[in-house]
Amino acid sequence: MDTQTVVLNILEDLTGEDLTGHLDTELFDSALLDSMDTVQLVLELEEQLDVQIPVSEFNRDDWKTPQQIIDQVEKLK
Amino acid sequence: MPNMQPYANPMYFMVLVIMLLPLMIALARGVRLKVYETIVSAAFIFLMFTGAKWQEGIALIAYCIWQVVIVLVYQRERQQHNRTGAFYAAVILAIAPLAIVKLTPVFSYHPSLLGFLGISYLTFKSVQVVMELRDGTIKAIRVWPFLRFLLFMPTISSGPIDRYRRFEKDYENVPDHNDYVDMVASGIHYMFLGFLYKFILGYFFGTVLLPQVAQAAMSQKMAMGGTGISWALVGYMYCYSMYLFFDFAGYSLFAVSISYLMGIRTPQNFNKPFLAGNIKDFWNRWHMSLSFWFRDFVFMRVTFYIMKHRLIKKRVHISQVAYLINFLIMGFWHGVTWYYIVYGLFHACAIIINDMWLRKKKKSHLPSNRWTKALAIGITFNVVCLSFLIFSGFLDTLWFH
């Protein structure tokens with residue numbers, strides 16, 4: 001599976017919403033994700049995509065939409 | 001030798017702005033006068049610790065040397081071995097001076113010689129740098145950039161708590177002319193809003209009104225079967241809450257204002273906290289630079305650790321444990337007294353109950369309209385004010401002295 005599918009699957013599990021086609025949704029501002037979800041997201045990404053994402057890297061300004069998350073993960077791969 | 005406490009009086013602002021003028025003119029032309037800025041900053045920090053406060057000044061210097069050594073040694077360790085034990089040791093050593101200062105009053109009548117104005121806030125910055133070195137988000141740090149971040153003059157005494165990478169980016173990039181003009185305009189706006197908050201509203205609630213309500217509440221010490229609960233105490237609660245907000249928000253506006261004049265976008269500390277619709281929302285609006293620091297470096301790290309090692313199974317329980325740890329540490333950070341610790345526990349309980357309610361609300365279809373929203377704001381406001389009554393320490397005086 002490519003990064004986009006994996007990220008969107010994880011986000012669907014966490015938020016209960018299918019964000020395909022809504023890649024620029026503001027996840028924090030729209031209260032779809034909170035800190036707990038964020039930690040789970042980081043753990044799932046690490047497990048499923050074999051990337052290392054330090055918690056302090058998770059700067060909310062650079063990871064605030066599904067698209068940004070996909071781009072950041074690609075960068076870390 | 002004169003002594004000047006930060007933002008204490010109009011004189012301070014006049015002298016400071018005059019001294020910053022050359023820096024501001026250069027910034028408007030696209031140049032940061034780093035040497036000049038360092039000299040002015042050092043002079044103003046020096047003037048905080050003159051006269052009777054000289055011992056605090058020495059403590060500050062010793063503290064800086066201590067933190068520089070920790071960061072440099074840990075950085076070397078991180079590059080060579082990256083051992084977990086070394087990371088914990090570095091964090092503990094970075095917190096040690098603050099812990100000693102906070103614990104000394106419990107055991108002794110004399111304050112610790114290691115203390116100085118601002119130690120609590122500086123500690124957040126150095127611990128943050130150690131944690132980011134561990135995470136690899138700060139790759140390498142040199143002495144000078146670390147010190148100018150640690151000792152950034154407008155925020156040295158009480159924050160807001162900036163982040164190293166954010167600060168460094170601002171410092172190394174001069175804003176373009178139009179951006180800087182906007183920053184100066186905002187800076188001046190914040191300064192005058194700060195005057196209104198701190199010197200007029202804060203003064204009114206804290207210096208004019210508060211002693212009177214305090215006296216009234218003390219005179220009813222034996223009310224309600226000896227608990228001292230009276231209307232005057234309720235009055236004290238609201239009055240103190242208003243004072244706390246306007247005084248601290250006013251101070252924070254000054255720090256942000258002067259930072260902006262210096263071309264640094266120090267983060268804001270308050271965003272209409274009394275309009276929060278629940279406790280979670282409140283912590284996204286009150287003393288934001290502190291609560292976000294706790295969120296990123298305590299809450300998220302604790303939950304990450306628990307989840308990764310599968311220490312607790314249920315997600316709900318993980319967040320509850322993390323909230324308790326988070327707010328207890330915040331309570332202890334304020335000071336080792338029963339009321340600060342109860343304040344921390346109170347907020348942990350409030351946010352846990354809040355979370356339960358939010359989950360319930362998600363499942364059931366409860367009405368949501370402007371009346372329920374107004375009710376939510378009203379409840380949150382009163383819960384918060386009650387927490388500030390605990391925080392104020394007034395109950396300690398009322399009950400035990």
Side-chain angles (χ1 to χ4, degrees), chain A residues 3 6-19 22 24-77, chain B residues 78 82 87 127-139 163-166 169 267 277-278 280-281 283-284 288 291-310 312 314-323 326 351-352 354-355 358-359 361-363:
Chain A
T3 309
V6 176
V7 170
L8 288 173
N9 278 342
I10 298 171
L11 284 175
E12 190 175 347
D13 282 346
L14 290 173
T15 63
E17 286 186 39
D18 182 10
L19 294 162
H22 304 277
D24 294 318
T25 312
E26 300 260 348
L27 296 164
F28 297 105
D29 287 351
S30 58
L32 283 168
L33 280 191
D34 62 12
S35 323
M36 282 289 291
D37 300 321
T38 312
V39 174
Q40 242 179 327
L41 172 67
V42 171
L43 275 168
E44 292 290 332
L45 289 172
E46 287 195 358
E47 262 173 40
Q48 298 186 27
L49 293 167
D50 198 29
V51 283
Q52 281 289 322
I53 308 165
V55 184
S56 60
E57 176 61 44
F58 213 92
N59 180 329
R60 290 186 180 216
D61 290 333
D62 299 331
W63 298 75
K64 59 175 185 267
T65 67
Q67 187 61 55
Q68 281 182 332
I69 296 173
I70 295 162
D71 295 344
Q72 293 285 351
V73 171
E74 285 291 334
K75 229 195 285 176
L76 285 168
K77 260 186 154 178
Chain B
R78 171 67 179 79
N82 192 18
F87 166 64
V127 170
Q128 174 211 138
V129 167
V130 170
M131 291 196 175
E132 291 212 37
L133 279 169
R134 164 77 170 174
D135 285 348
T137 44
I138 297 176
K139 296 269 181 286
R163 302 291 171 92
Y164 175 75
R165 286 179 290 157
R166 205 215 62 76
K169 210 151 100 192
N278 61 47
K280 224 175 181 172
D281 188 24
W283 283 108
N284 284 327
M288 283 141 63
S291 67
F292 295 167
W293 193 97
F294 270 92
R295 179 193 69 198
D296 294 346
F297 295 104
V298 182
F299 183 85
M300 305 237 324
R301 287 190 106 85
V302 170
T303 46
F304 189 83
Y305 186 86
I306 297 175
M307 280 189 188
K308 195 169 176 128
H309 298 273
R310 302 208 159 82
I312 300 171
K314 278 185 87 175
R315 201 184 116 113
V316 177
H317 295 158
I318 300 175
S319 74
Q320 291 170 344
V321 169
Y323 278 134
N326 192 69
I351 209 162
I352 287 170
N354 183 195
D355 250 19
L358 287 177
R359 276 197 306 279
K361 207 173 117 189
K362 236 182 190 171
K363 278 186 217 150

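In this text the structure is predicted, and so the values were computed from the model without any measurement.
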NZ/NE/NH1/NH2 to OD/OE distance under 4.0 Å, A/Glu46 and B/Lys308: yes
Toward chain B, the part of A/Gln40 with a non-hydrogen atom under 4.5 Å: both
Measuring heavy-atom distances to chain A, does B/Phe292 have an atom under 4.5 Å in its side chain, in its backbone, in both, or in neither? neither
Exceeds 12 heavy-atom contacts within 6.0 angstrom, atom NZ of A/Lys77: yes
Checking heavy atoms, do the side chain of B/Phe304, its backbone, both or neither come under 4.5 Å from chain A? both
Under a 4.0 Å threshold between the charged nitrogen and the carboxylate oxygen, would B/Arg315 count as salt-bridged to A/Asp37? yes
Can you establish whether the number of heavy atoms outside B/Arg359 located under 6.0 Å from its atom CZ is more than 12? yes
